[in-house]
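To start, the structure under review is shown below, and the notes come after it.
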Amino acid sequence: MQVEIRGIIEGYAQGYFLMAEETGILNWYSSQKRALIPLDDRFRYPKSLRRTINQERFQVAINRDFPAVVEGCANRETTWISPELKQIYKALYHAGWAYSFETWQGDQLAGGILGIVIGGAFIGESMFYRIPEGSKVAMVKLVEHLRSRQFVFFDAQMNNPHLERFGAFIVTDKEYQSLLRKALKYRGSFI
């Protein structure tokens with residue numbers, strides 16, 4: 001399968017994202033209400049998670065095992081990550097657009113977040129865990145990483161009660177497009 005990377009990045013740069021339907025057909029989507037994870041003091045997490053982080057049970061890595069993170073994110077009863085979308089993520093990874101932000105316990109992948117980086121925007125595609133707290137620690141450490149790199153925003157696409165625990169909030173499409181324009185001017189790097 002030949003992946004047209006430029007067209008895919010242009011779609012994300014306009015505020016769209018890819019998802020496969022249950023039939024496996026891949027489509028572009030946008031949302032009038034987009035969920036963002038705050039990169040300021042609105043970001044929060046439970047005290048119990050703070051204890052886990054302070055125990056340093058997990059090590060953080062970027063792209064240590066990108067394919068395993070994609071598989072982990074896709075491995076659920078209902079998934080929007082079709083075989084075609086896996087190939088797209090792989091091509092984006094090889095082209096330097098897609099990243100996995102991972103937590104490890106020794107040699108075991110504990111959890112991770114799959115995302116696409118365009119300028120100062122981290123567009124979170126999915127997350128998973130194999131060891132309890134693995135993806136939550138990844139979320140906290142990713143926010144710290146994005147702050148240190150002065151990213152503009154962390155797009156979670158769709159809100160849910162789990163993300164709300166971290167302070168996720170909704171922006172309108174107009175607000176999102178404004179942030180996206182700012183992010184596209186960013187000249188830093190993710191790594």
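In this chain, numbering begins with 1 at the start of the sequence shown.
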So, do [X] and [Y] sit near enough that their side-chain heavy atoms are less than 4.5 Å apart?
X      : Y      : result
Pro67  : Asp65  : yes
Asn27  : Glu21  : yes
Leu36  : Tyr176 : yes
Phe153 : Ile37  : no
Tyr93  : Val70  : no
Phe58  : Glu133 : yes
Val152 : Leu39  : no
Gln32  : Thr172 : no

Let me have the donor-acceptor pairs involving side chains of residues 119-129, under 3.5 Å, with sequence neighbours excluded, atom names and distances please.
unit_1: Glu125; atom_1: OE1; unit_2: Tyr12; atom_2: OH; d: 3.0
unit_1: Glu125; atom_1: OE1; unit_2: Tyr89; atom_2: OH; d: 2.5
unit_1: Glu125; atom_1: OE2; unit_2: Tyr12; atom_2: OH; d: 3.3
unit_1: Glu125; atom_1: OE2; unit_2: Gln157; atom_2: NE2; d: 2.8
unit_1: Ser126; atom_1: OG; unit_2: Arg76; atom_2: NH2; d: 3.3

Should Ile88 and Ile5 be marked as a side chain to side chain contact (heavy atoms under 4.5 Å, CB included) after you check the CA-CA gap, both sets of side-chain angles, and the distance that decides it? CA-CA 8 Å; Ile88 289 170; Ile5 292 172; over 6 Å; no
Around atom [atom1] of [X], are there more than 12 heavy atoms from other residues, nucleotides or ligands closer than 6.0 Å?
X      : atom1 : answer
Gln150 : CD    : no
Tyr16  : OH    : no
Glu56  : CD    : no
Lys90  : NZ    : no

Hey, what do you get for [atom1] ([X]) to [atom2] ([Y]), rounding to the nearest 0.5 Å?
X      : Y      : atom1 : atom2 : value
Arg6   : Glu10  : CZ    : CD    : 6.0 Å
Arg149 : Phe190 : CZ    : CZ    : 8.5 Å
Leu180 : Glu175 : CG    : CD    : 13.5 Å
Leu18  : Ile81  : CG    : CD1   : 11.0 Å
Thr79  : Met19  : OG1   : CE    : 8.5 Å
Arg181 : Leu184 : CZ    : CG    : 9.5 Å

His145 vs Phe101 aromatic rings, parallel, tilted or perpendicular, using cut-offs 30° and 60°?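 Ring orientation of His145 relative to Phe101: tilted.
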Checking side chain to side chain contact (heavy atoms under 4.5 Å, CB included) for the pair Asn63/Phe66: CA distance, chi angles, key distance, verdict? CA-CA 5 Å; Asn63 292 344; Phe66 182 86; 3.9 Å; yes
Going through the checks in order, is the side chain to side chain contact (heavy atoms under 4.5 Å, CB included) test met by Val140 and Phe43? CA-CA 9 Å; Val140 172; Phe43 182 74; 4.1 Å; yes
Count I, L, V, M, F, W, Y as connected when their side-chain heavy atoms are under 4.5 Å apart, and connections chain through other members. Are [X] and [Y] then in the same cluster?
X     : Y      : answer
Leu26 : Tyr29  : yes
Trp28 : Trp97  : yes
Phe17 : Ile25  : no
Ile9  : Tyr186 : no
Leu92 : Ile191 : no

Is the Lys NZ or Arg CZ of Arg165 less than 6.0 Å from the centre of Tyr45's six-membered ring, within 45° of the axis?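 Judged by the rule (NZ or CZ under 6.0 Å from the ring centre, within 45° of its axis), Arg165 is not positioned above Tyr45.
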Cation-pi check, Arg44 onto Phe166 ring (under 6.0 Å, within 45° of axis):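 No - Arg44 does not lie over the ring of Phe166 by the 6.0 Å and 45° rule.
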Under the 3.5 angstrom rule, does the side chain of [X] hit a backbone N or O of [Y] as a donor-acceptor pair?
X      : Y      : value
Arg57  : Thr52  : no
Glu4   : Gly7   : yes
Tyr99  : Gly96  : yes
Arg147 : Asp40  : yes
Asn160 : Leu163 : yes

Using a strict threshold of under 4.0 Å (side-chain N to carboxylate O), is an ion pair present between Asp173 and Arg34?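 Looking at Arg34 and Asp173, the cut-off is not met.
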Distance-only donor-acceptor pairs under 3.5 Å for side chains of residues 103-116, two or more places apart:
unit_1: Thr103; atom_1: OG1; unit_2: Gly111; atom_2: N; d: 3.3
unit_1: Thr103; atom_1: OG1; unit_2: Gly111; atom_2: O; d: 3.4
unit_1: Thr103; atom_1: OG1; unit_2: Gly134; atom_2: O; d: 2.8
unit_1: Trp104; atom_1: NE1; unit_2: Glu102; atom_2: OE1; d: 2.8

Testing the basics here: between Gly15 and Ser30, what is the closest heavy-atom pair and its distance to 0.1 Å?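 That would be O-CB, 4.1 Å.
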